[in-house]
Amino acid sequence: MVNIVIGESATKLLSKEPLSNNTKSRQIQHMAEDLNNQLIEKMKVKEFGLQLDEATDSKDAHLICYTRFVNGNKIVEYLLFCKGITAGTKAQDLFEILDTFVCENNLDWSKCAGICTDGGRSMFGCPERLQAPV
């Protein structure tokens, strides 16, 4: 296909590139880690917000976390992580997943401007103390 679209010289160059599943998998993993590291480095110097949600399918549960912050003159949003929930889905269990991620990546909790969830009162287990912003 490369020969037809681009030509024989490109075909020869491409044939020198290793295309095994493991090689491509490692390259994709390396790119993902690099992007994640760039995101973490930006979060270390900016105030950020977090949005949490639980996702479940027939047998697995995951905690999904997005981050938002101002970058230049735009508010940007990125997927920060998706971690399996193994211990339980109570507030303390979910917070420990989040706190572990924050600590492992040397993020500063004081730069966290807010956390948003889809079911905050029930998720955090203290409906009488949580209030929605007015």
Side-chain angles (χ1 to χ4, degrees):
M1 185 168 92
V2 173
N3 190 23
I4 294 169
V5 175
I6 301 175
E8 190 173 329
S9 61
T11 303
K12 289 178 183 177
L13 285 173
L14 189 58
S15 68
K16 294 178 183 178
E17 177 69 27
L19 296 175
S20 71
N21 288 340
N22 292 340
T23 300
K24 292 302 166 192
S25 176
R26 281 192 308 271
Q27 289 174 340
I28 291 168
Q29 182 65 32
H30 178 71
M31 287 188 293
E33 288 171 4
D34 183 55
L35 288 171
N36 189 58
N37 290 338
Q38 289 180 47
L39 176 59
I40 296 296
E41 290 305 312
K42 286 182 181 180
M43 291 176 67
K44 288 180 180 179
V45 297
K46 300 175 181 291
E47 286 191 339
F48 58 87
L50 299 173
Q51 180 177 344
L52 302 172
D53 194 11
E54 295 171 83
T56 56
D57 60 20
S58 60
K59 59 181 178 173
D60 296 319
H62 293 89
L63 180 64
I64 303 168
C65 182
Y66 292 90
T67 184
R68 289 189 186 108
F69 55 86
V70 176
N71 191 23
N73 61 352
K74 294 191 293 188
I75 297 175
V76 294
E77 177 181 59
Y78 295 100
L79 173 66
L80 187 57
F81 67 78
C82 178
K83 302 274 186 186
I85 300 172
T86 55
T89 58
K90 292 185 179 177
Q92 185 65 36
D93 304 322
L94 301 178
F95 178 76
E96 285 175 12
I97 294 170
L98 177 60
D99 187 51
T100 298
F101 181 87
V102 167
C103 293
E104 285 176 350
N105 289 284
N106 298 314
L107 293 171
D108 184 357
W109 271 114
S110 69
K111 292 194 182 289
C112 181
I115 298 176
C116 177
T117 67
D118 63 342
R121 292 178 184 208
S122 60
M123 188 174 181
F124 286 99
C126 52
E128 66 280 352
R129 290 186 289 167
L130 286 177
Q131 297 178 357
V134 181

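- Between Cys82 and His62, the shortest heavy-atom distance links the atoms SG-CB, 3.8 Å.
- Judged purely by atom type and a 3.5 angstrom limit, Asn105 uses its side chain to pair as donor or acceptor with the backbone of Phe101.
- In this structure, the side chains of Glu41 and Lys44 come closer than 4.5 Å at one or more pairs of heavy atoms.
- Taking hydrophobic clusters as Ile, Leu, Val, Met, Phe, Trp and Tyr residues chained together by side-chain heavy-atom distances below 4.5 Å, Leu39 does not share a cluster with Met31.
- Applying the 6.0 Å contact sphere to NZ of Lys46 captures more than 12 heavy atoms from other residues, nucleotides or ligands.
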Check step by step if side-chain hydrogen bond (donor to acceptor under 3.5 Å, both in side chains) holds for Asp34 and Gln38. CA-CA 6 Å; Asp34 183 55; Gln38 289 180 47; 2.9 Å; yes
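- No side-chain heavy atom of Asp93 sits under 4.5 Å from any side-chain heavy atom of Thr86.
- Leu63 and Ile97 make their closest contact through CD2-CG2, 3.9 Å (heavy atoms, listed as atom of the first residue, atom of the second, distance).
- Two residues are said to be in side-chain contact when any heavy atoms from C-beta on lie closer than 4.5 Å; Leu52 and Leu94 fail this criterion.
- Taking NZ of Lys83 as the start and CD1 of Ile64 as the end, the distance is 13.0 Å to the nearest 0.5 Å.
- Not counting sequence neighbours, Tyr66 has no partner by the ring-ring contact (aromatic ring centres under 6.0 Å, His included) test.
- Interatomic distance, Arg26 CZ to Ile28 CD1, rounded to the nearest 0.5 Å: 11.5 Å.
- Taking CG of Asp99 as the start and CD of Gln92 as the end, the distance is 9.0 Å to the nearest 0.5 Å.
- Applying the salt bridge (charged side-chain N to carboxylate O under 4.0 Å, His left out) rule to Glu77 yields the partners Arg68; only residues at least two apart in sequence or on another chain are considered.
- Looking only at distances, no side-chain donor or acceptor of Thr67 sits under 3.5 Å from a matching main-chain atom of Leu50.
- Residue Met43 is tested with Val102, Leu107, Asp108, Asn106 for a side chain to side chain contact (heavy atoms under 4.5 Å, CB included); the sole match is Leu107.
- Hydrophobic clustering (ILVMFWY, side-chain heavy atoms < 4.5 Å, transitive): Ile115 and Val76 are in one cluster.
- In this structure, Tyr78 is not a member of the same hydrophobic cluster as Val45, with clusters built from ILVMFWY side-chain heavy atoms closer than 4.5 Å.
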